[in-house]
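I have placed the structure first, in the form of structure tokens, so that the comments after it can refer back to it.
All of these numbers come straight from a predicted model, not from anything done at the bench.
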Amino acid sequence: MRITCGIASTTLALTIAASITAQDRFETLPSYDRYKLVTDSMNELVTGGRIGRINWNEDVSTLQFVRAKVSYELDLETLELSERDIQAEAEDGDDGQSGSRRRTRGSSRGRQRDHETSPDEVSIARCVDWDVVIDRADKEDPQRIAVTIDGTRKRRFGKASWVYGEELEQNSAMWWSPDSTKLAFYELDETQVKDFYLTTKLTQWRTDLAKEGYPKAGEPNPIAKLWIYDVPSGELTAVQVGDDPEQYIYQVRFSADGSQLLFNRTNRHQNVLELVAADVETGTSRVVVTETQRTWQRNRPYIKFLDD
């Protein structure tokens with residue numbers, strides 16, 4: 001037994017010595033300095049996050065993009081990468097809508113934000129337990145207003161679905177009018193949409209199971225509706241979004257003067273795109289522009305409103 005232990009100890013010592021010698025020789029090999037530079041820089045060179053919102057500047061000298069909720073600018077002459085000011089990114093706008101700092105707060109992939117602050121910063125609309133509530137920060141009369149009361153996971157208010165977030169890049173589900181008096185929001189009916197099951201927490205001690213409404217080809221789509229809540233009067237108005245249960249309603253926003261609620265509407269084949277305007281007082285809607293293609297129609301064409 002003593003002889004065996006002695007041999008094992010000697011073998012271990014020789015292995016450690018050989019390892020140290022090999023490491024010393026490795027550092028003397030050609031181009032080791034470049035290897036060291038790359039390994040030391042891996043955290044900066046390789047970062048996670050999907051790249052999006054890619055834009056050229058006017059003279060095509062730089063390229064801006066967002067990765068992992070951080071805005072970057074790439075100098076195309078020097079290839080230097082620098083972070084941009086998030087406020088400057090907010091002023092550039094968000095998905096063709098008027099920009100604001102509160103709209104740049106990200107949501108996870110395929111999801112919508114669970115709260116939106118009014119332009120006057122007095123009210124915060126929230127989705128709480130699948131219902132819409134408004135927290136009023138009025139110093140004289142702070143209160144919580146229950147806008148809806150019967151929301152469920154399969155019939156929700158103030159939230160869309162993973163399909164809307166992933167396919168249509170719809171990361172908002174509640175929208176304030178410019179004067180902060182009205183709130184538009186989704187009602188999404190997924191009662192006919194079958195659930196898809198996902199295993200989560202794969203890197204933790206115990207996994208979990210998540211349910212997500214996900215329509216396969218040929219199965220029913222979620223049915224989207226829009227409502228407008230008038231804060232002073234407490235009245236709810238249903239928006240005429242159309243009768244097609246398979247359609248998508250997205251890119252919702254108020255007009256600059258707040259008199260109309262604008263939204264895009266497309267069929268399930270996504271080869272017909274309509275820009276629709278609804279009167280905020282009555283909910284009556286009209287089609288402003290229609291674009292049709294034989295195949296897939298771009299979902300989010302750039303729209304710019306002129307000063308007049």
Side-chain angles (χ1 to χ4, degrees), residues 19-20 22-117 119 121 160 162-176 178 200-204 250-253 256 264 296-307:
S19 175
I20 295 174
Q23 180 64 31
D24 292 339
R25 289 184 58 195
F26 180 59
E27 295 179 359
T28 63
L29 293 176
S31 300
Y32 171 79
D33 56 334
R34 295 191 179 186
Y35 162 81
K36 190 70 166 57
L37 176 63
V38 170
T39 54
D40 291 346
S41 305
M42 283 300 290
N43 289 334
E44 298 179 10
L45 294 174
V46 182
T47 59
R50 184 173 58 176
I51 293 177
R53 296 177 64 179
I54 303 171
N55 293 296
W56 300 94
N57 71 333
E58 292 184 1
D59 61 2
V60 200
S61 63
T62 62
L63 187 70
Q64 292 93 33
F65 62 91
V66 174
R67 180 178 61 194
K69 300 181 181 180
V70 179
S71 181
Y72 294 94
E73 182 172 82
L74 176 66
D75 189 306
L76 297 177
E77 292 185 4
T78 64
L79 297 182
E80 291 185 1
L81 189 65
S82 59
E83 290 189 18
R84 296 184 70 200
D85 179 31
I86 191 63
Q87 180 61 33
E89 183 70 23
E91 293 170 357
D92 287 343
D94 180 23
D95 293 330
Q97 304 178 40
S98 57
S100 68
R101 180 172 52 190
R102 62 183 65 88
R103 285 199 180 108
T104 62
R105 293 172 183 171
S107 54
S108 57
R109 177 177 173 178
R111 305 297 181 185
Q112 293 79 41
R113 294 184 293 270
D114 59 4
H115 67 281
E116 298 288 347
T117 304
E121 299 186 352
W162 190 90
V163 173
Y164 270 67
E166 180 69 11
E167 290 194 18
L168 302 170
E169 300 177 356
Q170 187 64 53
N171 59 7
S172 56
M174 299 174 284
W175 307 270
W176 285 100
T200 62
K201 300 181 181 179
L202 296 178
T203 60
Q204 300 184 21
Y250 62 102
Q251 201 173 359
V252 184
R253 66 276 196 203
N264 288 8
W296 178 79
Q297 168 73 43
R298 176 173 168 80
N299 286 324
R300 301 177 74 91
Y302 179 71
I303 298 176
K304 181 178 178 63
F305 290 93
L306 304 179
D307 293 338

Minimal non-hydrogen separation, Pro178 against Ala256, with atom names: CG-O, 3.6 Å

Pairwise side-chain contact, Asn55 with Glu73, heavy-atom cut-off 4.5 Å (strictly under): no

Interatomic spacing from CE in Met174 to OG1 in Thr117 - rounded to 0.5 Å: 9.5 Å

Polar side-chain atom of Gln112 near backbone of Gln170 as donor-acceptor pair, under 3.5 Å: yes

For Asp114, all residues meeting side-chain contact (heavy atoms from CB on, under 4.5 Å), sequence neighbours excluded: Lys159

Over all atoms of both residues, closest heavy-atom pair of Ala160 and Ala173: N-CB, 4.0 Å

Distance in Å, Thr62 OG1 paired with Leu74 CG, rounded so as to fall on 0.5 Å steps: 8.0 Å

Donor on one side chain, acceptor on other, Glu80 and Ser82, under 3.5 Å: no

Closest contact, heavy atoms only, Glu116 versus Trp176: O-NE1, 3.0 Å

Pairwise distance CG(Leu63) to CG(Leu79) - rounded to 0.5 angstrom: 11.0 Å

Contacts of Thr203 that satisfy side chain to side chain donor-acceptor pair (under 3.5 Å) - sequence neighbours left out: none

